[in-house]
Structures are given as C-alpha cells and as structure tokens.
Amino acid sequence: MHTSIIALLQITTSILLALRGSPQTDIALQRQVLLVANRVVQFSFQATAPFPENYAPIPNRGRWPTAADLEHSLYLSGDKYIPLGANMQMLPSYASFGDLNGDGADDAVVVVRETPASGGVSYALAVMLNQGGMLFNITDIAIANLSNIDSHRIESGRFNLGEKNGKNDVVSHYELWGNQLIKR
C-alpha cells in the first residue's frame with residue numbers, strides 16, 4: 001500500500017509543479033487542483049497513520065457525524081493514536097461540526113483533555129476529518145487556556161475560535177491544509 005501512496009503523492013506533486021509553471025491557468029481550475037492535492041495528502045496521512053494493532057475503525061452512525069461518533073474515535077497522543085479513556089477525555093461542549101476540506105462531508109473540531117501518567121493536564125483542538133465514513137484525528141493544536149474560549153464553529157471551510165483576551169474578544173480563523181490547521 002505504501003508504494004501506491006508514494007506514487008499518488010508523486011503524481012500530485014507533478015501536477016502541482018505543472019500548475020506552478022503555467023501561471024495563465026484559470027483561477028477556478030487552480031483552486032480545484034489545490035483542493036484535490038489537499039485531499040490526497042489527507043488520505044495519504046490517514047492510510048499511513050500509526051493506529052494500534054488490531055484496531056477496527058468504527059464507522060459513523062449516520063451521514064452526519066455526532067458527538068457519539070467522536071466518542072468512538074481515536075485521538076492523537078504524541079506520535080500514536082489512543083481511544084478516549086482515563087488519559088484522554090473529549091469535552092463535547094467544545095465540539096463544532098462542518099466541512100473543513102471541501103468534500104461535502106461534515107468534519108469536526110473538538111477540545112480534548114489529556115492527562116498523561118507522568119502528571120499534568122493539557123488541552124488541544126483535535127481536528128477530526130470525516131473520511132471513509134469515520135472520523136479521523138488528522139492534527140491537533142495546543143490550547144494554552146481553556147477558560148478563554150468564548151465561541152467555536154466551522155463555517156465556510158474555516159474553523160473560527162473566539163477567545164476572551166482581556167478587554168478585547170479575538171476571533172482566530174483556521175484553515176485545514178493537508179494535515180495542518182493553519183491560522184489565517
């Protein structure tokens with residue numbers, strides 16, 4: 001399978017390089033090519049993810065994922081995937097659903113709390129793609145202070161995070177590119 005993924009990524013790279021070399025290409029076509037390249041990276045990342053041995057993915061219960069589907073997903077913990085449990089908890093009141101990667105399927109962003117055996121607590125935004133009828137944690141972003149979160153939603157392909165910042169409220173906009181959530 002890895003050989004097929006490498007070949008797919010090489011073809012995608014060749015197409016992107018050809019697009020770069022043809023600046024007269026229609027803008028709409030350029031956007032479509034970038035969206036397809038973005039999805040190729042996302043599928044490749046999922047196909048090569050270090051899931052636990054004997055992991056059997058649990059499909060979403062319906063067309064649109066819910067908090068219940070988030071409960072049955074695996075989450076990134078360092079460089080491995082783990083289920084929710086003693087060391088990893090999902091905070092469902094901080095879950096947002098919407099299409100992040102332009103494929104027409106709702107994805108999710110949810111806050112998770114990790115309590116490693118070594119002690120301490122950390123919070124992160126877990127970005128969950130809806131690929132192949134299941135939610136897949138493609139990336140995380142650490143959150144310094146959970147109490148600052150004022151609002152969160154996925155809208156028009158962006159994750160918008162509202163935070164209280166002293167006297168001013170700040171809304172940060174994030175877009176998913178490949179396997180990274182980029183602040184815009």
Side-chain angles (χ1 to χ4, degrees), residues 1-16 19 29-85 87-114 124-142 152-161 174-182:
M1 176 162 59
H2 290 296
T3 305
S4 299
I5 292 169
I6 290 169
L8 183 60
L9 289 169
Q10 288 173 333
I11 292 167
T12 303
T13 301
S14 297
I15 292 169
L16 289 171
L19 183 66
L29 178 60
Q30 289 180 20
R31 286 186 182 142
Q32 280 300 110
V33 169
L34 289 174
L35 282 174
V36 169
N38 191 33
R39 287 190 213 134
V40 166
V41 170
Q42 293 164 355
F43 281 118
S44 299
F45 193 78
Q46 182 180 14
T48 60
F51 291 124
E53 268 188 51
N54 300 322
Y55 168 65
I58 299 173
N60 298 337
R61 295 176 183 179
R63 178 172 164 83
W64 308 110
T66 65
D69 296 317
L70 288 168
E71 290 174 5
H72 296 101
S73 300
L74 294 179
Y75 291 84
L76 281 168
S77 177
D79 61 351
K80 62 183 177 178
Y81 284 87
I82 63 172
L84 294 175
N87 296 341
M88 180 74 71
Q89 296 86 35
M90 171 191 67
L91 305 178
S93 60
Y94 292 100
S96 299
F97 294 92
D99 188 5
L100 282 171
N101 62 351
D103 66 356
D106 273 2
D107 306 302
V109 177
V110 64
V111 173
V112 292
R113 176 180 53 227
E114 188 169 10
L125 295 169
V127 178
M128 309 295 288
L129 284 186
N130 185 1
Q131 293 190 153
M134 64 178 243
L135 292 171
F136 167 69
N137 187 188
I138 194 162
T139 191
D140 290 340
I141 290 185
H152 49 88
R153 70 182 179 281
I154 298 172
E155 184 175 72
S156 301
R158 287 185 170 182
F159 175 68
N160 302 311
L161 180 66
Y174 296 89
E175 291 181 6
L176 184 65
W177 283 101
N179 64 340
Q180 300 296 312
L181 197 60
I182 308 293

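- The backbone N or O of Asp106 lies less than 3.5 Å from a partner atom in the side chain of Asn130, making a donor-acceptor pair.
- Under the side-chain hydrogen bond (donor to acceptor under 3.5 Å, both in side chains) criterion, Arg113 pairs with Gln89, not counting sequence neighbours.
- The two atoms that bring Tyr81 and Ala49 nearest to each other are CE1-CB, 3.8 Å, heavy atoms only.
- Remark: the backbone N or O of Asp103 is paired with a side-chain donor or acceptor of Asp99 at under 3.5 angstrom.
- Of all the heavy atoms in Ala68 and Arg61, the pair that sits closest is CB-NH1, 3.4 Å.
- Residues Ile11 and Val40 form no side-chain contact, since every pair of their non-hydrogen atoms from C-beta on lies 4.5 Å or further apart.
- Distance alone, capped at 3.5 Å, is enough to place a donor-acceptor pair between the Asp107 side chain and the Leu100 backbone.
- Note: Gln180 CD to Gln42 CD = 11.0 Å, rounded to the nearest 0.5 Å.
- In terms of heavy atoms, Gly178 sits closest to Val41 at CA-CG1, 3.6 Å.
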Side chain to side chain contact (heavy atoms under 4.5 Å, CB included) between Tyr174 and Ile141, intermediate numbers included: CA-CA 11 Å; Tyr174 296 89; Ile141 290 185; 3.8 Å; yes
Side chain to side chain contact (heavy atoms under 4.5 Å, CB included) between Leu125 and Val111, intermediate numbers included: CA-CA 5 Å; Leu125 295 169; Val111 173; 3.8 Å; yes
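- The distance from the OH atom of Tyr55 to the CG atom of Leu74 is 4.0 Å, given to the nearest 0.5 Å.
- Listed here is the closest heavy atom pair of Arg39 and Asn101: NE-O, 3.4 Å.
- With Arg153 contributing its side chain and Gly98 its backbone, the two residues share no donor-acceptor pair below 3.5 Å.
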For residues 132-139, run the donor-acceptor check on the side chains, cut-off 3.5 Å, and write out each pair with its distance to 0.1 Å, sequence neighbours left out.
unit_1, atom_1, unit_2, atom_2, d
Asn137, OD1, Leu76, N, 2.8
Asn137, ND2, Val127, O, 3.1
Asn137, ND2, Thr139, O, 3.0
Asn137, ND2, Asp140, OD1, 3.2
Thr139, OG1, Asn179, O, 3.4

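- Counting only heavy atoms from C-beta outward, the side chains of Tyr75 and Val110 approach each other to under 4.5 Å.
- Remark: side-chain polar atoms of His152 are not paired, donor with acceptor, to backbone N or O of Phe159 under 3.5 angstrom.
- A 4.5 Å side-chain heavy-atom check between Phe97 and Leu70 finds at least one atom pair inside the cut-off.
- No side-chain heavy atom of Met128 sits under 4.5 Å from any side-chain heavy atom of Asp69.
- Between Met90 and Ala67, the shortest heavy-atom distance links the atoms CE-O, 3.9 Å.
- The heavy-atom pair separating Ile58 from His72 by the smallest distance is CD1-CB, 3.9 Å.
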